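Provided herewith is a single structure, encoded as structure tokens, for subsequent inquiry.
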Amino acid sequence: MFYREAGQFKDSYESDQAIFPVAQDRWFVFGVVIAAFALVPFFIGDYWTNAVLLPLLAYSLAALGLNILTGYCGQVSLGTGGFLAVGAYTTFKLVTAFPELNFILVVLFSGATTAAVGVVFGLPSLRIKGFYLAVATLAAQFFLVWMFNKVEWFFNYSPTGQITMPPVELFGVLITGPRAPSAAKYLFCLGVVAVAAYAAKNIVRSRIGRAWMAIRDMDIAAELIGIRPLMTKLSAFAVSSFYIGMAGSLYFGVWLGSAEPIEAFGIEQSFLVLFMIIVGGLGSILGSFLGAAFMVLLPIVLKNFMVDGLSMAVVTAKHVEIMSLGMLIVFFLIVEPHGLARLWQIAKEKLRLWPFPH
Amino acid sequence: MSERRNGEVLLSVDKISLAFGGVRALEGVSFDVLEGEIRAIIGPNGAGKSSMLNVINGFYHPQEGSITFKGKTRKQMRPHFVASSGVARTFQNIALFKGMSTLDNIMTGRNTKMKRGILWQALHYGPARNEEIENRGHVEKVIDFLEIQSIRKTPVGRLPYGMQKRVELGRALAAEPELLLLDEPMAGMNVEEKEDMCRFVLDVNEEFGTTIALIEHDMGVVMDISDRVVVLDYGKKIADGTPDEVRANQDVVDAYLGVAHD
């Protein structure tokens, strides 16, 4: 009833291939984007920005990147933490060496560097598949973190081994560092993520996206109909790493502000982002956002509920939070193995008919 | 079948030998496919029929022999080259992309025809969008031809077997091939589905002038629709000719009825 596409006739392939062919979807997404850009900045404080929105945006972008590789092209990767680090360290080196450089270019360049690194670590994917590839990408994770920890040039020989983001202005407004206004940080990240998501949605519904999915579903058939496996897999690694590199740039540059390689870019980050796409939905752009929201927001909701609502001790609450998060992930995977994105799809199918049973 | 068509030689394989370790899958097999004909490759299980298609496709590389396609002779083929020079195929066990819709599956068949780079595709604007729409037009023609309009947006994993076979044929046709290789297009189908599939194969051949090489076990179908038949047994060619000639050949009868090999 609320989600009926009856009467929406497509009279050209162009309108049938529009990004959101159903009018309700179009208006809904349009509304969410407008609200995120025009309303949210007026209502957020430092807490909301730093604890909720910035991690949400940075992780969404990373999840989007990993989903391109794992969800669309079927290549499992556990190197996300390492690729985030490449993006972060490129950003750090660029802003310290060229403070005048426009920050948008810095973010893009961080993505490009990470794409190059991703392609190198993607080379084994032509020969090895599945769990074995996951182990090979694990090598990328450990090697990259080790390198950023050991080679002093990367952290500008700072005695602590940490990297700290200097304040950077974009169009006259501070967007990094502790004195930057929350709204500016938020809007900058939102802009990057919105453009990146739009581009990703376009790519996955074009030739390259179809080639990725073909390789994922049946690689031999894909090869015999003229899709080059090497080029296709490497392009997935490149685009995926580009996104994760940009995410690393936002993650370190705008959100954290300072980072230490083992803690900020460790294997936990790789798993966290992998959980996001599994919970959110493999092979779904929306799923990347839902998964990131689930993994970022749920701990905060649980903690607030237990500490403020049930007046539990903070330490106890932390343990209960970890346990219940784990149980919720298992619960969701059993109820809907295709992730939150699939639940959303089912909800839409139900809404088409509601309140009628058929 | 109507009168024999005698086009130019489109594809000829010459003394192809293929071995996997000690197993000799093909031994000195030669035959040709003329432009516009329907050529059947038959033989008992394990005769090397699918291996032969895989050699033509460039998926297997034969140790000996050569392949001539459209006048150019090669020792072996490369899958990408074969696909982009006009050979498409279907598979014995359905090899569709299960997670994608019918439409997307058939669109992948046009992969080699699309050229725009990733930046255009990311924008989905201008040349990339025009290219997408133009190719969608071709795909819709195939969808109309195969009468699968109603399942256009259905994920192929949810389709019944016969429909999946039809979508797979659609994916091959979308590439507008000159030579279509069909690996057991009627396997596992009921009589009605087989009749439909035969009709499509004949229509493809007649309407688009596509040359077809097919492997099939249903002798009734093979004898009815093919112009010439080549028979393989244990990796060797034992007969080659019109359906009537092949049917009368004593070696073929022996191979199918299981006379001891000496």
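Protein chains get the first letters and strands the later ones, always in sequence-line order, with residue 1 at the start of each. On a predicted model such as this, the values are computed, not experimentally measured, just so you know.
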(message) Distance check, rounded to the nearest 0.5 Å: A:Met213 atom CE versus B:Phe97 atom CZ?
(response)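 Atom-to-atom, A:Met213:CE and B:Phe97:CZ are 10.5 Å apart.
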(message) So, taking the atom named CD1 in A:Ile208 and the one named CD in B:Gln121, what distance separates them when rounded to the nearest 0.5 Å?
(response)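 Between A:Ile208 CD1 and B:Gln121 CD, I get 4.0 Å after rounding to 0.5 Å.
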(message) Are more than 12 heavy atoms, taken from residues, nucleotides or ligands other than B:Phe20, located less than 6.0 Å from that residue's CZ atom?
(response)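 Counting other residues, nucleotides and ligands, CZ of B:Phe20 exceeds 12 neighbours.
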(request) Against chain A, work out which of B:Val87, B:Leu103, B:Ile133, B:Thr90 has the most heavy-atom pairs shorter than 4.5 Å and name it. (result)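 Sorted descending by pairs with chain A, the first entry is B:Ile133.
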(request) Please report the shortest heavy-atom distance between A:Leu224 and B:Pro79, naming the atom on each side. (result)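 It is CD2-CB, 4.0 Å.
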(request) Check each atom of B:Lys113 against the heavy atoms of chain A and say whether the ones under 4.5 Å are side chain, backbone, both or neither. (result)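 When you check distances to chain A, no heavy atom of B:Lys113 falls under 4.5 Å.
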(request) Below 4.5 Å from any heavy atom of chain A, which atoms of B:Leu119 appear? Answer side chain, backbone, both or neither. (result)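 Neither the backbone nor the side chain of B:Leu119 comes within 4.5 Å of chain A.
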(request) Calculate, to the nearest 0.5 Å, the distance between atoms CE and NE2 belonging to A:Met231 and B:His80 respectively. (result)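 With rounding to 0.5 Å, CE (A:Met231) is 9.5 Å from NE2 (B:His80).
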(message) Between B:Ala122, B:Ala83, B:Ala172, who has the most heavy-atom pairs with chain A when the cutoff is under 4.5 Å?
(response)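 Answer, by heavy-atom pair count under 4.5 Å with chain A: B:Ala122.
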(request) With a 4.5 angstrom heavy-atom cut-off, could you sort out which part of B:Arg129 is near chain A: side chain, backbone, both or neither? (result)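 It is the side chain, since no backbone atom gets that close.
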(request) Start with the C-alpha gap between A:Ile225 and B:Thr108, add the side-chain angles, then the distance that decides, and say whether side chain to side chain contact (heavy atoms under 4.5 Å, CB included) holds. (result) CA-CA 8 Å; A:Ile225 64 171; B:Thr108 55; 3.8 Å; yes
(message) Rounded to the nearest 0.5 Å, what separates atom CD1 in B:Ile118 from atom CG in A:Asn202?
(response)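 Reported to 0.5 Å precision, the distance equals 11.0 Å.
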(request) Please check if atom CZ in A:Phe30 has more than 12 non-hydrogen atoms from other residues, nucleotides or ligands closer than 6.0 Å. (result)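 Incorrect, the count does not exceed 12.
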(request) Could you tell me which of A:Ala221, A:Ala211, A:Ala199, A:Ala214 has the largest number of non-hydrogen atom pairs under 4.5 Å with chain B? (result)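 It is A:Ala214.
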(message) At a 4.5 Å cut-off on heavy atoms, which part of A:Val239 comes close to chain B: side chain, backbone, both, or neither?
(response)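 Answer is side chain: those atoms of A:Val239 sit under 4.5 Å from chain B.
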(message) Heavy-atom pairs under 4.5 Å with chain B - which of A:Arg216, A:Arg207, A:Glu223 has more of them than the others?
(response)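 Option with the greatest count: A:Arg207.
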(message) Quick check for you: to the nearest 0.5 Å, what is the distance between B:Met114 atom CE and A:Ser206 atom OG?
(response)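 So the CE of B:Met114 and the OG of A:Ser206 are separated by 7.0 Å.
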(message) Closer than 4.0 angstrom, basic N to acidic O: yes or no for A:Arg210 and B:Glu132?
(response)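 Looking at B:Glu132 together with A:Arg210, the answer is yes, because their closest N to O distance falls below 4.0 Å.
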(request) Let me know if B:Arg171 has heavy atoms under 4.5 Å from chain A in its side chain, its backbone, both or neither. (result)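 Interface part for B:Arg171: side chain.
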(request) Could you tell me which portion of B:Ile94 (side chain, backbone, both or neither) has an atom closer than 4.5 angstrom to a non-hydrogen atom of chain A? (result)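 Just the backbone, heavy atoms under 4.5 Å.
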(message) Can you tell me how far apart CZ (A:Arg228) and OG1 (B:Thr112) are? Round to the nearest 0.5 Å.
(response)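 The distance works out to 10.5 Å.
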(request) Can you tell which part of A:Arg205 gets under 4.5 Å to a heavy atom of chain B, answering side chain, backbone, both or neither? (result)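 Looking at A:Arg205, backbone and side chain both touch chain B.
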(request) Count the heavy atoms belonging to other residues, nucleotides or ligands that lie under 6.0 Å from CZ of A:Phe28, then report whether that count exceeds 12. (result)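 Result for CZ/A:Phe28: open.
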(request) State whether the number of non-hydrogen atoms from other residues, nucleotides or ligands found under 6.0 Å of A:Lys348 atom NZ is greater than 12. (result)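 Check passes, neighbour count above 12.
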(message) Could you check whether atom CZ of A:Phe109 has more than 12 heavy atoms from other residues, nucleotides or ligands sitting under 6.0 Å from it?
(response)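 Counting other residues, nucleotides and ligands, CZ of A:Phe109 stays at 12 neighbours or fewer.
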(message) Need one label for A:Ala222: side chain, backbone, both or neither, based on atoms under 4.5 Å from any heavy atom in chain B.
(response)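 Backbone plus side chain of A:Ala222, per the 4.5 Å heavy-atom cut-off to chain B.
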(message) Quick check: closest heavy atoms across B:Lys98 and A:Asp217, and the distance to 0.1 Å?
(response)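 Heavy-atom minimum between the residues: N-OD2, 3.4 Å.
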